[in-house]
There are 2 protein chains.
Amino acid sequence: MLFTMSESNILDLLLSVTHTLQADQDRELDRRGLTTARTHLMWVLFHGGPATQVQLAEALAVTPRNVTALVDGLEATDLARREPHPTDRRAVHVHLTERGLSIMETMNAEHTALGSDLLAGLDEATVATTIRGLEAIRANLERLIAEHEAARAE
Amino acid sequence: MLFTMSESNILDLLLSVTHTLQADQDRELDRRGLTTARTHLMWVLFHGGPATQVQLAEALAVTPRNVTALVDGLEATDLARREPHPTDRRAVHVHLTERGLSIMETMNAEHTALGSDLLAGLDEATVATTIRGLEAIRANLERLIAEHEAARAE
DNA sequence: TATTGTTATACTCTATAACTATA
DNA sequence: TATAGTTATAGAGTATAACAATA
């Protein structure tokens with residue numbers, strides 16, 4: 001992640017925290033022989049159930065061709081499998097295997113635990129205000145992006 | 001980025017914000033014909049001055065071989081150049097070109113502006129508490145990672 | 001005619017290993 | 001002998017374009 005070298009403002013602090021989160025997660029995935037892109041696809045299946053490759057491409061914001069490659073990799077490592085689509089013979093239904101499901105359950109539990117552990121030692125008022133602050137930042141960010149896109153479209 | 005589908009906790013909120021930031025930045029880089037990895041290298045040069053490729057490899061946490069490829073790309077687009085190292089004939093000194101420097105100055109200004117714009121409408125107390133909250137989260141995160149590494153090393 | 005997924009091709013980022021030139 | 005950087009090779013993620021099968 002870029003822009004984490006100085007921390008003169010809240011943006012750098014935010015990026016620093018998520019850079020550390022990301023690096024930690026990458027190490028964990030590497031230990032399990034997983035990659036970020038494939039895990040992301042599994043995460044979508046875990047939370048949304050079986051899906052066609054076009055649906056996965058939309059969810060991941062990548063091309064259908066890319067999903068073909070990702071599912072190939074997941075099938076080769078017994079993490080997901082292609083099954084016939086119940087009604088459309090052109091499409092396939094991608095499912096998690098038992099192994100893939102088990103891994104995602106573990107990762108989901110770890111994710112939830114991390115969410116609590118990160119707040120250790122913070123009082124409720126601080127947590128509440130931090131959440132409000134982050135939500136305001138997100139709202140500002142989305143407004144800025146929308147304004148920027150609008151200006152560009154002129 | 002993973003794990004941004006639900007936002008039941010502050011971790012998901014945090015990841016959601018930085019996911020949006022990252023996506024916005026990727027679009028900007030793409031418009032300028034830049035990539036994340038090459039821009040990161042330029043960012044290191046911009047803030048740290050000319051460096052050898054080994055130093056860049058350490059700063060970016062990649063292999064020296066990878067830096068060769070990144071600098072090749074930056075040289076081909078007139079964003080950086082290799083110069084002889086003043087004292088070590090084995091090494092090269094990588095510099096930003098005028099064009100590279102100009103782009104980094106623009107990006108740095110945009111980054112600073114974004115840092116302020118994200119706080120629009122927030123009162124000082126909220127900002128201060130949000131910063132405290134994020135710093136506590138970062139401290140917890142670093143402690144958790146250290147504990148985890150220690151447990152693994154046993 | 002439109003959609004789903006694949007084959008073909010290419011570029012970027014990344015790694016390891018072997019090698020050259022220099023220290 | 002150790003270090004800086006490159007050549008060689010490989011894998012993963014990503015894209016566009018052309019194509020087959022099906023809707």
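Given the structure is predicted, the values throughout are model-derived calculations rather than measurements. Values below: all heavy atoms of this structure, side chains included; hydrogens, waters and symmetry mates excluded.
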Given 3.5 Å as the limit, does a donor-acceptor pair link the side chain of [X] with the main chain of [Y], or not?
X	Y	value
A/His47	A/Trp43	yes
A/Thr97	A/Leu79	yes
A/Ser16	A/Asp12	no
B/Thr18	B/Leu21	no

Atom [atom1] of [X] and atom [atom2] of [N]: how far apart are they, to the nearest Å?
X	N	atom1	atom2	answer
B/Met42	C/dC13	CE	P	11 Å
B/Asp72	C/dT14	CG	C1'	15 Å
B/Leu60	C/dT12	CG	P	17 Å
B/Asp26	C/dC13	CG	C1'	14 Å
B/Leu41	C/dT12	CG	P	15 Å

Carefully, step by step, assess A/Asp123 and A/Thr126 under the rule side-chain hydrogen bond (donor to acceptor under 3.5 Å, both in side chains). CA-CA 6 Å; A/Asp123 59 279; A/Thr126 302; 2.8 Å; yes
Is the distance from OP1 or OP2 of [N] to the nearest side-chain N or O of [X] less than 4.0 Å?
X	N	value
B/Asn66	C/dT14	yes
B/Thr63	C/dT16	no
A/Thr68	C/dT6	yes

Which nucleotide span of DNA chain D, 5' end to 3' end, has atoms closer than 4.0 Å to non-hydrogen atoms of chain A? D/dA12 to D/dA23
If hydrophobic clusters are built by linking Ile, Leu, Val, Met, Phe, Trp and Tyr wherever their side-chain heavy atoms come under 4.5 Å apart, do A/Met42 and A/Leu101 end up in the same one? yes
Treat each ILVMFWY residue as a node, draw an edge where side-chain heavy atoms are under 4.5 Å apart, and state whether B/Leu114 and A/Leu15 are in one component. yes
Evaluate the side chain to side chain contact (heavy atoms under 4.5 Å, CB included) criterion for residues A/Leu144 and B/Leu118: first the C-alpha distance (whole Å), next the side-chain angles of each, then the deciding distance (0.1 Å), finally the verdict. CA-CA 8 Å; A/Leu144 290 166; B/Leu118 286 180; 4.2 Å; yes
When you compare the protein's N or O atoms with those of nucleotides 8-10 of chain C, which come within less than 3.5 Å of each other, and at what distance?
unit_1, atom_1, unit_2, atom_2, d
C/dA8, N6, A/Arg65, NE, 3.2

Scan residues 82-94 of chain B against DNA chain D and write down, sorted by residue number, each residue with any heavy atom closer than 4.0 Å; if none is found, say none. B/Arg82, B/Arg90, B/Ala91, B/Val92
Return the minimal non-hydrogen interatomic distance between A/Asp78 and A/Arg99, and the atom names on each side. O-CB, 3.5 Å
Compare all side-chain heavy atoms of B/Val94 with those of B/Leu74 and state whether any distance is below 4.5 angstrom. no
Does a side-chain N-to-carboxylate-O contact under 4.0 Å join B/Asp24 and B/Arg27? yes
